[in-house]
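Keep in mind it's a predicted model, so treat the numbers as computed, not measured. Values below: all heavy atoms of this structure, side chains included; hydrogens, waters and symmetry mates excluded. Throughout, protein chains are lettered first and strands after them, A, B, ... in sequence-line order, and every chain is numbered starting at 1.
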There are 2 protein chains.
Amino acid sequence: MRILIIEDEPGIAGFLKEGLEEEYFAVDLAYDGKHGLDFALTNEYDLLIVDWMIPALSGIEVCRQLRKAGSLVPILFLTAKDTVEDVVFGLDAGANDYMKKPFEFEELLARIRVQLRSKNSTDDMLRAGMLTINPATHQVFAGEEEIALTPKEFALLEYLVRNKERVCTRSRIIEHVWDIHFDSDTSVIDVYITFLRRKLEAADCEQLIHTIRGVGYIVREPASP
Amino acid sequence: MRILIIEDEPGIAGFLKEGLEEEYFAVDLAYDGKHGLDFALTNEYDLLIVDWMIPALSGIEVCRQLRKAGSLVPILFLTAKDTVEDVVFGLDAGANDYMKKPFEFEELLARIRVQLRSKNSTDDMLRAGMLTINPATHQVFAGEEEIALTPKEFALLEYLVRNKERVCTRSRIIEHVWDIHFDSDTSVIDVYITFLRRKLEAADCEQLIHTIRGVGYIVREPASP
DNA sequence: CATGATGAAGCTTAAATTTTGCTTAAAATT
DNA sequence: AATTTTAAGCAAAATTTAAGCTTCATCATG
């Protein structure tokens, strides 16, 4: 699940990002409304957390423009204001929920879960061949045997399996898994593909990740014999 | 014992939380029905205290949905209404008891004790491996031997063991055990984990608290040989 | 038509760097 | 005096970089 936070106070922004990443969300940060709107329009997020009072473009304006552009992404407002009019105003502008600062992180998580509930069909294990991935607990199994992965390894494998039978280009991978949004020549992907293949092979789970030369990678369900 | 309070009036909510914590209950708070239901569904509580008149989803609806989901947790209603029909209505919806506001804290405690009596009588102890925790007396035993812990050490261990076999993220720990809601830059947790591990090890109770790198900690029941 | 030279793309490995957690001692708080 | 918190140094793990190696497709040459 991908979340975009639009928040200018570095303290709050950092705290949110860390906490949400511990919960296995992929978190992007924008420090003002303009950049936030730009991010939201050019990427697919599952949820937006937007502060009301931010530079360049107010949170409410971001919200309005997103809705005008046809986006249906759930938006959760953060606000210091808590008069009735402000709340009404925010929800009218297209927000789905709001929280007044300061708030408890647990409550925020609960509100996020409410927004994402429809997407999370309770028991959503990812499968590919003999591989089972539990995104909730961060566990990967090859049959019965658990495979221990580092956070980056897990993120990459999860992304590939979520898109199984579809080609994942290098640029999409670097964008979704590494949060790098500009061109750069790095061979991290290759290295991590090697790591993954090695660990999968050690668990007798081979020939799952295939290379598409010049493009990227694909996870293919092996034909059962 | 863990209690969830679903109550939107901050005054009453705060008063209840404080009072119950002095009685050594671990108290969570939700400010409306939607999030209350979400908390109740995603955590294990020993008792719910639910206001009748709350935003988003009425107390009675929370109750109904919980019962529909198969939950047997005792639910204690708070209500300003006290006509016979209302009481019948609430109990029909699956509540176990109710109190009309304003109420005496002592009476509330008494009613809570009634609801928890069954749990206390059986076995109120928390267990994990050779460890036994008595939340009522704040005692910890490794087999027969008692381990002396400071209040913070106890609170942390109790939280971890209550959530055994589940990952406790750093954010959740700092929030539940330390009541800190916005500080991401402290290493108290690490220090206390070290304290605990040292004391547990001294009592031959090892490999109970495991580290999940980048996320937090988990207490795992050691596989019996 | 076969062959092997060539370069681009991907693979592998090791080393460097960064991040994260552990431990300790000292400082602050109760 | 006991407990809690901070801060700093150390250690381990994860991540990234960089270099050499392999594979593959292409194409010129015999």
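When the side-chain nitrogen and oxygen atoms of A/W178 are compared with OP1 and OP2 of D/dT16, one or more of them lie within a distance under 4.0 Å. An OP1 or OP2 oxygen of C/dC22 is reached within less than 4.0 angstrom by a side-chain nitrogen or oxygen of B/T211. Distances shorter than 4.0 Å separate none of the side-chain N or O atoms of A/S187 from OP1 or OP2 on C/dG10. The phosphate of C/dT23 (OP1 or OP2) has a side-chain N or O of B/T194 nearer than 4.0 angstrom.
Contact annotation for A/T186: backbone-only contact, meaning every heavy-atom pair under 4.0 Å involves sugar-phosphate atoms and none involves a base. As judged by a 4.0 angstrom heavy-atom cut-off over every strand, A/T150 is placed among residues touching the sugar-phosphate backbone only. Across all strands, B/Y217 comes closer than 4.0 Å only to sugar-phosphate atoms, never to a base (heavy-atom distances).
For the pair A/I189 CD1 and C/dT12 P, the computed distance is 16 Å after rounding to whole Å. For the pair B/H210 NE2 and C/dG21 C1', the computed distance is 16 Å after rounding to whole Å. For the pair B/L156 CG and D/dT5 P, the interatomic distance rounds to 11 Å; values are reported in whole Å. C/dG21 atom P lies 18 Å from atom CZ of B/F195, rounded to whole Å. Note: CG (A/L200) to P (C/dC11) measures 14 Å, nearest angstrom. In this entry the distance linking CD1 of B/I180 with C1' of D/dT6 reads 12 Å, nearest Å. Protein atom CG of A/D179 is 14 Å distant from nucleotide atom P of D/dT15, rounded to whole Å. Atoms CD1 (A/I209) and C1' (C/dT12) sit 15 Å apart, rounded to a whole Å.
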Might you list the N or O atoms of the protein lying below 3.5 Å from N or O atoms in nucleotides 16-20 of chain C, with each pair's distance?
unit_1 : atom_1 : unit_2 : atom_2 : d
C/dT20 : O2     : B/R213 : NH2    : 3.1

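When side chains are defined from C-beta on, A/P151 does not count as touching A/Y24, because their heavy atoms never get closer than 4.5 Å. Residues B/I3 and B/D46 fail the side-chain proximity criterion, which asks for heavy atoms closer than 4.5 Å. A/T132 has its side chain out of reach of A/L126: every pair of non-hydrogen atoms, C-beta onward, lies at least 4.5 Å apart. Contact of the B/E201 side chain with the B/L196 side chain is not registered, since no non-hydrogen atoms from C-beta on lie closer than 4.5 Å.
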Starting from the C-alpha separation in whole Å, work towards a yes-or-no answer on ring pair (Phe, Tyr, Trp, His ring centres under 6.0 Å) for A/W178 and A/Y159. CA-CA 11 Å; A/W178 271 268; A/Y159 181 73; 9.9 Å; no
Just do the ring pair (Phe, Tyr, Trp, His ring centres under 6.0 Å) check on A/F15 and A/F105 with the steps written out, would you? CA-CA 9 Å; A/F15 170 79; A/F105 187 69; 5.6 Å; yes
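Nearest to the side-chain atoms of B/R198 among the listed nucleotides D/dT15, C/dG21, C/dT24 stands C/dT24. Of the candidate nucleotides C/dC22, D/dT15, D/dT4, D/dT15 has the atom lying nearest to any side-chain atom of A/K152. Checking D/dT17, D/dT5, C/dC11 against the side-chain heavy atoms of B/V188 singles out D/dT5 as nearest. For B/P151, whose side chain is taken as the heavy atoms from C-beta onward, the closest listed nucleotide among D/dT3, C/dT13, D/dT6 is D/dT3.
Where A/V191 and A/L149 meet DNA chain D, the nucleotide closest to each residue was compared, and A/L149 sits on the side nearer the 5' end.
The aromatic ring centroids of A/H210 and A/Y217 lie 6.0 Å or more from each other.
In the model, B/H35 has a side-chain atom that pairs as donor or acceptor with a side-chain atom of B/D32 under 3.5 Å.
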